[in-house]
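Here's the structure we're looking at; comments come further down.
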Amino acid sequence: MHSDLNTPTGSSPHELQHELTPRLNKRQEIADDYGDPELLFLSEPEYDEAIIGVAHRIGQDDVIAYDYNKVCEVVAKMIGNDDIMEVMEYVEFNVMGAYVGERTPIFVDVV
């Protein structure tokens with residue numbers, strides 16, 4: 001690494017490299033960054049491509065946030081069904097409806 005590398009104020013070269021490194025495993029990256037063993041992920045790793053981040057809620061624990069539409073795309077591939085209404089019904093009942101306590105992930109309709 002060059003010693004004359006200019007980094008944005010407040011950013012170390014390590015932080016800059018972290019920003020430039022492709023996200024190969026969001027689940028592991030979040031686990032490493034947050035160090036919170038209680039964060040709940042959807043069990044199948046195929047859903048990881050739909051992770052958009054960690055949601056922070058006042059007075060409540062953080063939860064994993066998933067892109068609802070991407071989850072539907074993943075499910076469509078997993079169950080081999082292109083009928084969007086059937087896929088949405090499947091997601092709402094089998095994925096979103098699987099409440100596992102206060103740390104249940106949230107699903108965001110990204111606009």
Side-chain angles (χ1 to χ4, degrees):
M1 180 171 349
H2 292 79
S3 60
D4 62 336
L5 175 64
N6 293 322
T7 59
T9 304
S11 296
S12 71
H14 174 72
E15 290 170 329
L16 183 61
Q17 180 61 36
H18 182 69
E19 291 174 16
L20 299 174
T21 304
R23 297 174 121 184
L24 299 177
N25 186 332
K26 289 181 186 179
R27 185 181 298 236
Q28 187 61 49
E29 182 181 329
I30 290 171
D32 291 347
D33 288 350
Y34 285 84
D36 184 349
E38 300 298 317
L39 283 172
L40 296 177
F41 295 89
L42 296 176
S43 57
E44 294 82 4
E46 291 84 1
Y47 291 116
D48 288 2
E49 68 184 80
I51 294 172
I52 56 175
V54 177
H56 308 283
R57 306 171 301 165
I58 299 297
Q60 297 180 28
D61 293 322
D62 295 342
V63 294
I64 301 298
Y66 288 88
D67 178 326
Y68 173 77
N69 291 316
K70 285 197 185 279
V71 168
C72 288
E73 291 173 14
V74 169
V75 166
K77 290 179 201 172
M78 289 172 63
I79 66 174
N81 189 340
D82 291 332
D83 183 324
I84 190 62
M85 296 307 290
E86 288 182 18
V87 169
M88 289 171 62
E89 181 180 335
Y90 181 96
V91 168
E92 290 170 10
F93 184 78
N94 295 293
V95 180
M96 295 172 67
Y99 182 78
V100 291
E102 293 180 7
R103 299 304 288 268
T104 299
I106 63 169
F107 301 86
V108 178
D109 204 359
V110 179
V111 293

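The shown structure was predicted, so the numbers you read here are calculated from the model rather than taken from an experiment.
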- prompt: How would you list all residue pairs meeting salt bridge (Lys or Arg N to Asp or Glu O under 4.0 Å) that involve residues 36-65, not counting sequence neighbours?
  reply: R27-D48, D36-R103, D61-R103
Any I64 side-chain heavy atom under 4.5 Å of V54 side chain: yes
query: Does the side chain of F41 reach to within under 4.5 Å of the side chain of K26, using non-hydrogen atoms?
result: no
Look up atom [atom1] in [X] and atom [atom2] in [Y], then write down how far apart they are to the nearest 0.5 Å.
{"X": "I52", "Y": "K70", "atom1": "CD1", "atom2": "NZ", "value": "10.0 Å"}
{"X": "I84", "Y": "E73", "atom1": "CD1", "atom2": "CD", "value": "8.0 Å"}
{"X": "E89", "Y": "N94", "atom1": "CD", "atom2": "CG", "value": "9.0 Å"}

Nearest atoms (heavy-atom pairs only) where [X] meets [Y]:
{"X": "A55", "Y": "I106", "value": "CB-CD1, 3.5 Å"}
{"X": "L40", "Y": "P105", "value": "O-CG, 3.4 Å"}
{"X": "V87", "Y": "N81", "value": "CG2-O, 3.3 Å"}
{"X": "N69", "Y": "V110", "value": "ND2-O, 4.5 Å"}
{"X": "Q28", "Y": "D32", "value": "NE2-OD1, 2.7 Å"}

message: For residues F93 and M85: do they belong to one hydrophobic cluster (side chain heavy atoms under 4.5 Å, members Ile, Leu, Val, Met, Phe, Trp, Tyr)?
response: no
Option among V74, L42, V91 that satisfies the side chain to side chain contact (heavy atoms under 4.5 Å, CB included) test with Y66: L42
message: For Y99, I'd like to know if atom OH has over 12 heavy atoms of other residues, nucleotides or ligands within 6.0 Å.
response: yes
message: Holding to side-chain hydrogen bond (donor to acceptor under 3.5 Å, both in side chains), I want the full list of residues that pass it with Y68, two or more places apart in sequence or in another chain.
response: E92
